[in-house]
J.: 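Below is a structure I'd like to ask you about.
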Amino acid sequence: MYKIIPDEQDVIEQTIIDMVDNENCCLVVTTGGTGPAKRDVTPEATEAVCDRMMPGFGELMRAESLKYVPTAILSRQTAGLRGSSLIINLPGKPKSIRECLDAVFPAVPYCIDLMQGPYLECNENVIKPFRPKNK
Ligand SMILES: Nc1ncnc2c1ncn2[C@@H]1O[C@H](COP(=O)(O)OP(=O)(O)OP(=O)(O)O)[C@@H](O)[C@H]1O
Ligand SMILES: Nc1nc2c(c(=O)[nH]1)N[C@H]1C(S)=C(S)[C@@H](COP(=O)(O)O)O[C@H]1N2
């Protein structure tokens with residue numbers, strides 16, 4: 001499911017909560033609102049609704065994005081866990097979204113495995129998930 005909502009922190013928080021707690025989405029991705037403009041509040045809304053943060057996602061997305069644009073450091077994008085769902089912030093522009101998703105998505109199915117969520121399968125021509133072997 002997807003929703004288009006305004007840059008308002010309480011609306012963003014309620015929408016994430018609804019998707020996780022009521023719709024049982026194991027993965028929620030947000031787009032936009034991660035920059036330094038006053039109205040960019042998506043990372044704050046994400047932190048407010050998460051139990052635990054996953055700082056590696058923001059770190060990797062910014063590091064990868066720096067290969068494309070020096071302004072990558074302007075994105076405050078983050079990720080975190082609410083219950084057994086993963087929430088990931090992406091920037092707003094479609095090109096940036098693609099660049100960031102390509103970087104972090106290989107780790108997403110295993111993250112959801114570790115939270116006992118559904119087993120995600122990917123189109124391996126697009127994204128190859130990485131699942132460490134147990135033995
Ligand atoms: N579905 C789409 N297809 C093509 N372009 C889009 C789409 N959605 C957004 N854009 C463009 O991407 C840019 C950023 O979108 P949006 O305003 O939603 O993100 P934002 O992060 O809130 O913006 P800003 O970069 O101003 O902070 C805009 O230039 C917008 O026109
Ligand atoms: N991969 C990637 N990340 C990127 C960019 C980009 O072009 N590619 N643009 C940056 C810019 S210019 C800004 S202001 C921030 C925040 O964007 P947002 O407000 O659309 O979330 O993301 C940054 N991250």
Side-chain angles (χ1 to χ4, degrees):
M1 67 182 298
Y2 73 92
K3 282 191 182 157
I4 298 173
I5 54 171
D7 287 298
E8 285 166 28
Q9 186 169 339
D10 53 344
V11 179
I12 302 169
E13 288 177 16
Q14 283 313 312
T15 305
I16 299 174
I17 290 173
D18 181 54
M19 286 183 169
V20 170
D21 297 6
N22 303 327
E23 303 290 342
N24 292 319
C25 299
C26 63
L27 174 65
V28 177
V29 294
T30 65
T31 62
T34 71
K38 282 253 164 67
R39 64 180 192 141
D40 292 329
V41 292
T42 312
E44 283 70 24
T46 303
E47 278 207 53
V49 300
C50 284
D51 322 314
R52 290 174 293 161
M53 300 311 291
M54 295 287 279
F57 282 82
E59 290 162 8
L60 176 59
M61 290 190 281
R62 275 183 291 276
E64 276 296 309
S65 299
L66 263 182
K67 296 177 186 168
Y68 301 100
V69 284
T71 46
I73 54 171
L74 300 183
S75 176
R76 302 177 303 109
Q77 60 195 132
T78 186
L81 308 174
R82 178 182 173 87
S84 35
S85 303
L86 173 64
I87 298 134
I88 308 173
N89 299 152
L90 300 170
K93 298 192 187 80
K95 176 177 164 288
S96 323
I97 293 172
R98 158 111 261 155
E99 292 160 358
C100 288
L101 262 186
D102 282 348
V104 297
F105 210 88
V108 168
Y110 189 62
C111 179
I112 292 171
D113 291 350
L114 290 175
M115 294 187 293
Q116 271 107 46
Y119 188 87
L120 293 194
E121 294 189 48
C122 300
N123 177 346
E124 300 222 355
N125 296 322
V126 184
I127 290 281
K128 239 179 139 40
F130 181 80
R131 287 183 160 97
K133 299 233 170 16
N134 286 332
K135 290 182 188 166

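Remember, it's 1-based here, ligands and their atoms both numbered in the order they're listed. FYI, side chains are in, hydrogens and waters are out, and symmetry mates aren't considered; it's all heavy atoms of this structure.
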J.: In the protein, which heavy atom is nearest to atom 27 (O) of ligand 1, and how far is it?
T.: D40 OD1, 3.5 Å
J.: Does a side-chain heavy-atom distance below 4.5 Å link M61 with I88?
T.: yes
J.: State whether any protein heavy atom lies less than 4.0 Å from atom 13 (C) of ligand 1.
T.: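 For atom 13 (C) of ligand 1 the answer is yes, since some protein heavy atom falls inside 4.0 Å.
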J.: Does the side-chain hydrogen bond (donor to acceptor under 3.5 Å, both in side chains) test come out yes or no for T46 and N89, once each step is laid out?
T.: CA-CA 8 Å; T46 303; N89 299 152; 2.9 Å; yes
J.: For the side-chain contact (heavy atoms from CB on, under 4.5 Å) test, which of P91, S75, S65 pairs with S96?
T.: P91
J.: Can you tell whether the side chains of E59 and R62 come within less than 4.0 Å, N to carboxylate O?
T.: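 So E59 does not pair with R62 through a salt bridge.
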J.: Considering only heavy atoms, which of P91, P43, S96 lies nearest to atom 6 (C) of ligand 2?
T.: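 The option holding the nearest heavy atom is S96.
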J.: May I ask you to identify the nearest protein heavy atom to atom 25 (O) of ligand 1, giving residue, atom name and distance to one decimal place in Å?
T.: K93 NZ, 4.2 Å
J.: Quick check: does T34 get an N/O under 3.5 Å from an N/O on ligand 2?
T.: yes
J.: Counting non-hydrogen protein atoms only, what is the nearest one to atom 3 (N) of ligand 2? Give residue, atom name and distance.
T.: S65 OG, 3.1 Å
J.: Evaluate the 4.0 Å heavy atom contact test for atom 8 (N) of ligand 1: does a protein atom fall under the cut-off?
T.: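 No, there is no protein heavy atom closer to it than 4.0 Å.
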J.: Tell me which protein heavy atom sits closest to atom 20 (O) of ligand 2, plus the residue, atom name and distance to 0.1 Å.
T.: G92 N, 2.9 Å
J.: Got the closest protein heavy atom to atom 2 (C) of ligand 2, with its distance?
T.: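 In this structure, atom 2 (C) of ligand 2 has E99 OE1, 3.1 Å as its nearest protein heavy atom.
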J.: L90 versus ligand 2: do any nitrogen or oxygen atoms come within less than 3.5 Å of each other?
T.: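 No.
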J.: Please state which option from S75, G33, P36, P91 has its nearest heavy atom closest to atom 22 (O) of ligand 1.
T.: G33
J.: Are any of the protein's heavy atoms under 4.0 angstrom from atom 1 (N) of ligand 1, yes or no?
T.: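 Protein heavy atoms within 4.0 Å of atom 1 (N) of ligand 1 - there are none.
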J.: If you have a sec, work out which protein heavy atom is nearest atom 22 (O) of ligand 2 and how many Å separate them, to one decimal?
T.: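 Looking only at protein heavy atoms, the one closest to atom 22 (O) of ligand 2 is S75 CB, 3.3 Å.
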J.: Heavy-atom pairs closer than 4.0 Å: do any link ligand 1 to the side chain of T31, the backbone, both, or neither?
T.: neither
J.: For atom 19 (O) of ligand 2, what's the nearest protein heavy-atom neighbour? Residue, atom name and distance, please.
T.: G35 N, 3.2 Å
J.: Could you tell me whether ligand 1 has any atom less than 4.0 Å away from a heavy atom of A37?
T.: no
J.: Please state which protein non-hydrogen atom is closest to atom 15 (O) of ligand 1 and give its distance, to 0.1 Å?
T.: G92 O, 3.6 Å
J.: Out of V69, T30, D102, N89, whose heavy atom sits nearest atom 9 (N) of ligand 2?
T.: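 That would be V69.
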J.: I'd like to check which ligand 1 atoms, numbered from 1 as shown, lie under 4.0 Å from a non-hydrogen atom of G32.
T.: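 Result: 19 (O), 20 (P), 21 (O).
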J.: Do protein heavy atoms approach atom 29 (O) of ligand 1 to less than 4.0 Å?
T.: no
J.: At what distance is the nearest protein heavy atom to atom 17 (O) of ligand 1, and which residue and atom is it?
T.: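 Looking at atom 17 (O) of ligand 1, the protein heavy atom closest to it is R39 NH2, 4.3 Å.
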J.: Just go through I97, T31, T71, L74 and tell me whose heavy atom is the nearest to atom 23 (C) of ligand 2.
T.: T71
J.: How long is the gap from OG1 on T30 to NZ on K3, to the nearest 0.5 Å?
T.: 14.5 Å
J.: Does the residue P94 have a heavy-atom contact with ligand 1, meaning some pair of atoms that are separated by less than 4.0 Å?
T.: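 For ligand 1, residue contact (heavy atoms, under 4.0 Å) with P94 is present.
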